[in-house]
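Only one structure is covered here, and it is reproduced in the block below.
Just so it is clear, the values below take in all heavy atoms, side chains as well, and ignore hydrogens, waters and symmetry mates. Keep in mind that this is a model prediction, so the values were computed, not measured.
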Amino acid sequence: MLILSILFLQACGVSDEKDYEVSWGDYSDSAVERLEENNIDYEVRNQVIFIKEKDLNKAQDCCS
């Protein structure tokens, strides 16, 4: 029972992958359009686009 409780708590602690770790580049309308067309989540902070680290290869394939 203790092991199940620990596993449950770890699963609850898994983030919703909202952390944007990778700076993709400076903001531009065309860059945002390409990311959106390819269903890549992004966040803009201080005119810099950030994407999820797990999406880096996908973004490089479609948007560079």
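Here CG of N38 is found 6.5 Å from NZ of K58. Values are rounded to the nearest 0.5 Å. Taking CD1 from I40 and CG from L56, the interatomic distance works out to 9.5 Å, rounded to the nearest 0.5 Å. In this structure, W24 CH2 and Q60 CD are separated by 5.5 Å, a value rounded to the nearest 0.5 Å.
For the residue pair S28 and I49, the shortest heavy atom distance occurs at N-CD1, 4.3 Å.
E33 meets the side chain to side chain donor-acceptor pair (under 3.5 Å) test with no other residue; sequence neighbours excluded. Shown here are the side chain to side chain donor-acceptor pair (under 3.5 Å) partners of D29, two or more places apart in sequence or in another chain: Y27. A search for side chain to side chain donor-acceptor pair (under 3.5 Å) contacts involving S23 returns nothing, not counting sequence neighbours.
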- Step-by-step side-chain contact (heavy atoms from CB on, under 4.5 Å) determination, D41 to I51: CA-CA 6 Å; D41 292 331; I51 63 173; over 6 Å; no
